[in-house]
Student: 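Dropping a structure here in structure tokens format, bear with me for questions.
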Amino acid sequence: MDAKDILGLPKHSLPIPQEKKSRPHKDSQRKPDGISREVYALTGGVAPLMPSVDVNQLKKRHQPENEKITWEWLSFTSSARKDDLKLYHWVRVVNGTPPTGDYQFAKYNKSVDVIKYTDEEYEKHLTDPVISRAILIARAPSPADVSSHPLVKEPYNITQEIERKRALSMVLSQTKHQERKDADAAQDAELAITLNASPEHMEKTTAPVETGSPSNIQAASGVAPLMSMADNAAAAAASLRSLRVYLRTYALDQMVQAASSSAGLRTIKRVEQFLQELKVNLKPKVPTKAVCAEHLELRKEILTLLNLQKLLQNKEEGSSYREGSYTETPDTPKRLQRGIDQDRTFVPDSVSFGAISTERVGKRDQKRKGPGREAPSSPAQSNKRPRKLKTTDSHQENRNQY
Amino acid sequence: MVRSSDDNEKKSLVKKLKDVEISVPIVYGNVAFWLGKKASEYQSHKWTVYVRGATNEDLSVVVKRVVFQLHSSFNNPIRAVESPPFELSESGWGEFEIAITLHFHTDVSDKPLHLYHHLKLYPEDDSGSLSVKKPVVVESYDEVVFAEPSEGLFARVQNHPAVIVPRLPAGFSLPPVPAEDADKRKRVDPKDNPLTQWFTNFSEADELLKLAAARQQDCFEM
């Protein structure tokens with residue numbers, strides 16, 4: 001620049017056309033117009049200007065300077081072969097000495113011992129259903145030799161296996177409804193055992209889950225939560241008092257947990273959904289004593305509501321659902337009936353908000369009232385109703401009806 | 001003779017009031033100002049984390065000291081504040097969780113209480129343009145509950161504006177406690193603290209109304 005100045009030459013001799021030339025030249029190397037950069041990259045595109053991986057960062061093969069490496073075409077044998085066939089391959093030779101050892105893939109030559117038997121052995125031992133085990137034992141020189149064989153260690157018990165498979169298939173074929181019930185029943189059972197430990201309760205609640213929650217548990221589960229809720233609340237209050245100093249939010253948390261202890265995770269989620277629909281904060285923004293008390297009471301009311309809904313749903317679905325293998329105790333229909341009759345004014349699938357809907361509720365109620373609780377419409381209804389009926393679904397259903 | 005009456009007094013001071021709780025409403029959180037032109041890469045904001053009485057009353061009636069534990073990248077991340085206002089100011093660029101520990105006077109409790117606050121510097125909405133004048137404020141309301149306080153403590157705090165005490169049954173006599181000198185009592189004068197103007201006013205009325213309305217829904221009429 002300065003030189004040109006001294007010499008008196010013009011400073012800018014062809015700068016603009018030069019720039020223009022170099023830029024289009026570069027552009028054509030970049031990408032064609034008309035398609036986006038990413039699309040062009042899919043087809044392979046333009047090579048990146050910088051390598052994405054720094055070659056210096058890659059691990060180098062550790063090869064000390066004093067070693068001389070050559071590659072030689074040598075023969076080898078494999079212990080996996082029965083014959084002495086000599087094959088050839090490239091071998092990495094270090095300082096002139098070829099590697100020793102077996103062929104590296106020989107260790108994968110595994111074989112299976114298939115049991116074969118003679119006619120004599122068949123006659124003697126194998127006409128028994130428990131075939132293979134018998135022959136193993138018979139062939140063994142002494143019982144001790146063969147006792148570590150898995151077949152001998154765990155003899156096949158056919159009745160046990162039939163029972164196990166039946167249970168498995170029942171668990172596998174459970175619908176969500178059944179799963180839910182079983183989970184709730186199991187929780188109730190646990191709770192009843194830990195809190196009440198009276199012989200009566202123990203009997204009711206020791207029914208195994210796999211036989212598909214008989215109605216005994218259902219009856220117990222109606223009673224157990226009511227008792228345990230009060231116990232839990234008292235326990236929670238006592239533990240707070242023993243703390244002496246605590247935060248109001250912590251106290252509310254403990255009380256809420258105590259109140260929902262008998263509820264499954266799904267129920268708790270439904271309570272929270274309910275709260276959200278009521279435009280109530282899941283955790284109060286201003287947790288004063290009064291606010292926390294109200295919040296707790298609201299949650300308890302929602303829980304009761306959901307529990308009753310569930311009971312009613314079970315009752316209605318139960319009749320069309322259970323077949324054959326489950327035996328209903330004669331107690332059950334009466335119990336549920338009593339529970340339902342008490343809630344005549346309450347109709348589960350029209351949980352309604354606002355004064356307008358009370359009319360509708362009244363009307364629906366009239367239809368349902370009648371001598372036979374098993375209304376003729378109910379089997380049809382339960383077929384139509386989708387199995388996975390959540391509270392929110394029923395809410396939405398109603399909203400559409402308005 | 002004198003000794004025994006002293007002893008009696010001491011005993012009644014310590015005696016616990018059954019089924020009584022006193023509570024102290026508190027608010028804790030942070031105020032953060034963007035430094036604007038003066039902001040550098042590592043010091044983009046000036047923030048203050050604090051614990052205050054919900055109505056800006058003096059918490060030192062029950063609180064002896066507050067310890068704030070900051071992110072380990074800060075020098076001396078454990079900072080103790082021995083007198084009100086229980087606040088701590090710093091400058092930085094990052095948001096992190098601050099552990100706040102309340103230590104109480106010996107007649108109140110020997111166990112400290114832990115709070116956690118996530119320091120917020122940037123506004124919630126993406127469009128929120130950073131302003132030097134308007135700070136980002138995040139506060140949480142809570143109440144410290146003292147279950148079954150001693151008679152002595154009750155007597156000491158019953159007239160303090162920062163503490164909520166229940167009415168004791170008529171005829172209940174508390175041990176005499178020397179009244180705190182009203183002048184000596186350190187009052188946090190709102191005029192002194194420039195942050196007061198940014199504090200949220202927490203009112204339970206709104207929430208109570210919503211809850212009451214919810215509980216009155218038809219679905220709960222059984």
Student: Between Lys111(B) and Ser242(A), what is the shortest heavy-atom contact and its length?
Tutor: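 Distance-wise, the nearest heavy atoms are NZ-O, 4.5 Å.
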
Student: Between Ile302(A) and chain B, with a heavy-atom cut-off of 4.5 Å, which part of the residue counts as in contact: side chain, backbone, both or neither?
Tutor: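 When you check distances to chain B, atoms from both the backbone and side chain of Ile302(A) fall under 4.5 Å.
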
Student: Just so I know, are the side chains of Thr288(A) and Tyr141(B) near enough to count as touching, which here means a heavy-atom distance under 4.5 Å?
Tutor: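 Of all side-chain heavy-atom pairs linking Tyr141(B) with Thr288(A), at least one is under 4.5 Å.
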
Student: Kindly compute the distance separating CZ (Arg215(B)) from CD (Glu301(A)), expressed to the nearest 0.5 Å.
Tutor: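 It comes to 4.5 Å.
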
Student: What pair of heavy atoms forms the shortest contact from Tyr246(A) to Leu113(B), and how long is it?
Tutor: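 Residues Tyr246(A) and Leu113(B), closest heavy atoms: CA-CD1, 4.1 Å.
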
Student: Could you check whether any side-chain N or O of Glu207(B) sits under 3.5 Å from a backbone N or O of Val286(A), counting only pairs where one atom can act as donor and the other as acceptor?
Tutor: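 Indeed, once roles are kept as given, a pair shorter than 3.5 Å links the two residues.
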
Student: Give, as side chain, backbone, both or neither, the part of Val291(A) having an atom under 4.5 angstrom from any heavy atom of chain B.
Tutor: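 Both backbone and side chain.
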
Student: Specify which of Glu294(A), Lys285(A), Arg244(A) makes the most heavy-atom pairs with chain B at under 4.5 Å.
Tutor: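 Option with the top pair count is Arg244(A).
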
Student: Report which part of Ser140(B) has an atom under 4.5 Å of a heavy atom belonging to chain A: side chain, backbone, both, or neither.
Tutor: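 For Ser140(B), there is no contact with chain A at all, as no heavy atom is under 4.5 Å.
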
Student: Quick check on Ile164(B) against chain A: is it the side chain, the backbone, both or neither that has a heavy atom closer than 4.5 Å?
Tutor: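 Looking at Ile164(B), nothing touches chain A.
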
Student: For chain A, find which of Ala54(B), Ser23(B), Ser203(B), Ala212(B) contributes the most heavy-atom pairs closer than 4.5 angstrom.
Tutor: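 Heavy-atom pairs under 4.5 Å are most numerous for Ser203(B).
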
Student: Supply the atom-to-atom distance Leu211(B) CG to Leu298(A) CG, rounded to the nearest 0.5 angstrom.
Tutor: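 Output value for this atom pair is 6.0 Å.
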
Student: Take Val144(B) and Leu247(A), measure what side-chain contact (heavy atoms from CB on, under 4.5 Å) needs, and give me the verdict at the end.
Tutor: CA-CA 5 Å; Val144(B) 184; Leu247(A) 284 171; 4.1 Å; yes

Student: Heavy-atom distances under 4.5 Å only: say whether Glu21(B) touches chain A with side chain, backbone, both or neither.
Tutor: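 When you check distances to chain A, only side chain atoms of Glu21(B) fall under 4.5 Å.
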
Student: Any donor-acceptor pair under 3.5 Å linking the side chain of Lys289(A) with the backbone of Glu143(B)?
Tutor: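 No; judged by distance alone, with no hydrogens or angles, the pair does not exist.
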
